[in-house]
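The following block contains the structure, expressed as structure tokens.
Remember, predicted model here, so these are calculated numbers, not experimental data.
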Amino acid sequence: MTTEEVAKVLHTSERLIRRLVAERRIAYVKVGRAVRFEPSAVVAYVEANRFPPTSRAQLRAMVLGEAA
């Protein structure tokens, strides 16, 4: 996948994708000067940055310093 295609899939800008590459936060392959992404690398990036939903009780416990 190209930078443009990844940006469309993630609903973000190409600039952000280029920054992720520069910071080595997403796996990529260089083909000459071109940067390409495997679809599995995009899925892995999304999964690595997924946060589970938090209930109000869990939030209250975090704020009050109680064990959840």
ILVMFWY clustering at 4.5 Å (side-chain atoms), partners of Phe51: none

Taking only residues two or more places apart in sequence, or in another chain, which ones meet Glu4 in a salt bridge (charged side-chain N to carboxylate O under 4.0 Å, His left out)? Lys8

Flag side-chain contact, heavy atom, 4.5 Å: Phe37 against Thr2: no

Results of side chain to side chain donor-acceptor pair (under 3.5 Å) for Arg25 - residues two or more places apart only: Glu23

Side chain to side chain donor-acceptor pair (under 3.5 Å) contacts touching residues 37-49 (sequence neighbours left out): Glu47-Arg50

Who else is in Val43's hydrophobic cluster (ILVMFWY, side-chain heavy atoms under 4.5 Å, direct or via others)? none

Restricting to pairs with a member in residues 12-21, which pass side chain to side chain donor-acceptor pair (under 3.5 Å), not counting sequence neighbours? none

Partners of Val31 by side-chain contact (heavy atoms from CB on, under 4.5 Å), sequence neighbours excluded? Val29, Arg36

Rounded to the nearest 0.5 Å, what's the gap from CD1 on Ile17 to CD1 on Ile26? Could you check? 5.5 Å

